[in-house]
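A short write-up of the structure that comes next.
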Amino acid sequence: MSAPAAFPVPEVAMTEDDEKWMRMAIEVARSKGSDPASSPLGAVIVLDGKVLAAERNQTQDLPDATAHAEMMAIRRACEGTGEMELRGATLYSTLQPCGMCTMASIWSKVGRVVYGAGAADVHPMYFETRHVDTLDFVRKAYRDDLVIEGGCLRDECATLYYHPDDDLPADEQANL
């Protein structure tokens with residue numbers, strides 16, 4: 001399986017706050033171990049300097065195919081605020097969000113998504129074979145005010161996952 005095609009992510013200078021919240025997302029991702037086979041993703045949602053939710057990938061634990069870290073964080077943040085919309089909030093994710101999580105960000109009205117490692121930084125098993133270009137997805141979506149920025153602590157986030165050139169047996173790979 002070849003790596004998903006990389007797409008251009010705007011080069012944006014991350015702030016100290018971005019790095020602080022991404023470090024929290026990394027801690028959340030590692031909260032149940034750091035085996036790359038378990039897809040240790042972490043997501044944190046922040047609004048006005050306050051954490052609304054911090055969740056890890058829980059697909060195997062629940063079991064629930066929709067229990068990605070970003071989805072769980074959006075659910076918890078909405079439950080905590082009592083609102084369906086998270087306007088002005090930033091979602092931090094250790095890995096580039098998939099199409100489902102990007103769509104949930106659009107529908108929940110998150111204002112900004114900041115991710116660490118991108119599709120080109122990790123083994124292709126973490127993404128759909130026909131990867132959804134999330135930036136293009138947002139450009140064609142219902143809103144034009146959602147900002148997606150990649151590369152925050154990219155190298156640290158990438159250590160959570162298998163490397164792009166790791167030789168993994170097919171039966172150990174997700175999304176096949």
Side-chain angles (χ1 to χ4, degrees), residues 1 4 21-47 50-87 89-119 121-135 137-138 141-143 146 148-150 152-154 156-162 168 170-176:
M1 173 177 22
W21 300 123
M22 187 60 74
R23 288 189 199 291
M24 178 182 273
I26 292 168
E27 288 177 31
V28 170
R30 290 183 176 145
S31 66
K32 198 164 182 202
S34 58
D35 180 0
S38 67
S39 298
L41 279 82
V44 174
I45 298 179
V46 177
L47 178 63
K50 179 183 175 195
V51 175
L52 298 181
E55 295 288 334
R56 62 178 172 72
N57 190 33
Q58 298 172 48
T59 54
Q60 296 296 320
D61 300 337
L62 290 180
D64 178 350
T66 69
H68 292 196
E70 301 94 336
M71 298 290 288
M72 298 304 292
I74 289 169
R75 288 175 187 152
R76 296 301 165 256
C78 290
E79 288 169 0
T81 62
E83 299 289 334
M84 195 172 83
E85 295 184 357
L86 300 170
R87 289 189 187 271
T90 299
L91 185 151
Y92 294 90
S93 178
T94 56
L95 188 61
Q96 178 182 332
C98 70
M100 174 181 68
C101 294
T102 299
M103 196 65 200
S105 298
I106 291 167
W107 280 100
S108 66
K109 310 277 192 287
V110 166
R112 184 171 173 240
V113 175
V114 176
Y115 66 86
D121 302 315
V122 299
H123 194 277
M125 72 173 259
Y126 297 107
F127 291 92
E128 303 87 357
T129 301
R130 295 182 181 171
H131 181 66
V132 175
D133 176 338
T134 53
L135 289 178
F137 196 58
V138 169
Y142 309 100
R143 305 175 39 214
L146 174 62
I148 296 184
E149 300 170 338
C152 183
L153 301 179
R154 176 189 316 271
E156 289 179 51
C157 290
T159 64
L160 295 167
Y161 312 104
Y162 289 118
L168 302 174
D171 62 343
E172 291 182 26
Q173 295 184 40
N175 296 319
L176 293 182

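The first residue in the sequence is number 1, and the count goes up from there. Basis for what follows: all heavy atoms, side chains included, without hydrogens, waters or symmetry-related copies.
Put simply, the side chain of E55 never gets that close to the backbone of A69: no donor and acceptor are under 3.5 Å apart.
Counting only N and O atoms by type, the side chains of T66 and R75 include a donor and acceptor under 3.5 Å apart.
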Tell me, with the steps shown, if T102 and I148 meet side-chain contact (heavy atoms from CB on, under 4.5 Å).
CA-CA 9 Å; T102 299; I148 296 184; 4.3 Å; yes
Between D61 and T59, is a side-chain contact (heavy atoms from CB on, under 4.5 Å) present by the stated rule, with each step listed?
CA-CA 6 Å; D61 300 337; T59 54; over 6 Å; no
Show your working on salt bridge (charged side-chain N to carboxylate O under 4.0 Å, His left out) between E79 and R76 and close with a plain yes or no.
CA-CA 5 Å; E79 288 169 0; R76 296 301 165 256; 3.2 Å; yes
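Taking both residues in full, the closest heavy atoms of A77 and L52 are given as CB-CB, 3.8 Å, listed atom of the first, atom of the second, then distance. Taking all atoms of both residues into account, the shortest heavy-atom contact from A29 to P40 is CB-O, 3.0 Å. Closest heavy-atom contact between V110 and A89: CG1-O, 3.4 Å. Nearest heavy atoms, L62 versus A67: CD1-CB, 3.7 Å. When all heavy atoms of A54 and V28 are compared, the pair lying nearest together is CB-CG2, 3.9 Å. The two residues A117 and C157 have their closest heavy-atom pair at N-CB, 3.6 Å.
From S105, atom OG reaches atom CZ of R112 across 13.0 Å, with rounding to the nearest 0.5 Å. Rounded to the nearest 0.5 angstrom, C152 SG and M22 CE are separated by 4.5 Å. Atoms CD and OG, from E70 and S108 in turn, are 11.0 Å apart once rounded to the nearest 0.5 Å. Here the straight-line distance linking atom CG of L153 with atom OG1 of T159 works out to 10.0 Å at 0.5 Å rounding. The OH atom of Y115 sits 9.0 Å away from atom CG of L95, with the distance rounded to the nearest 0.5 Å. In this structure, S93 OG and I26 CD1 are separated by 10.5 Å, a value rounded to the nearest 0.5 Å.
Taking the side chain as every heavy atom from C-beta outward, L41 and H68 never approach each other to under 4.5 Å. Within the 4.5 Å cutoff, side-chain heavy atoms of R23 are placed close to those of E156. Looking at Y162 and M125, their side chains come closer than 4.5 Å, going by heavy atoms from C-beta outward. Side-chain atoms of V113 and Y92, non-hydrogen and from C-beta on, never get closer than 4.5 Å to each other. D64 places none of its side-chain heavy atoms less than 4.5 Å from the side chain of Q58. In this structure the side chain of L146 reaches within 4.5 angstrom of the side chain of I106, judged on heavy atoms. By the 4.5 Å heavy-atom criterion applied to side chains, I74 and I45 are counted as neighbours. A 4.5 Å side-chain heavy-atom check between L86 and C78 finds at least one atom pair inside the cut-off.
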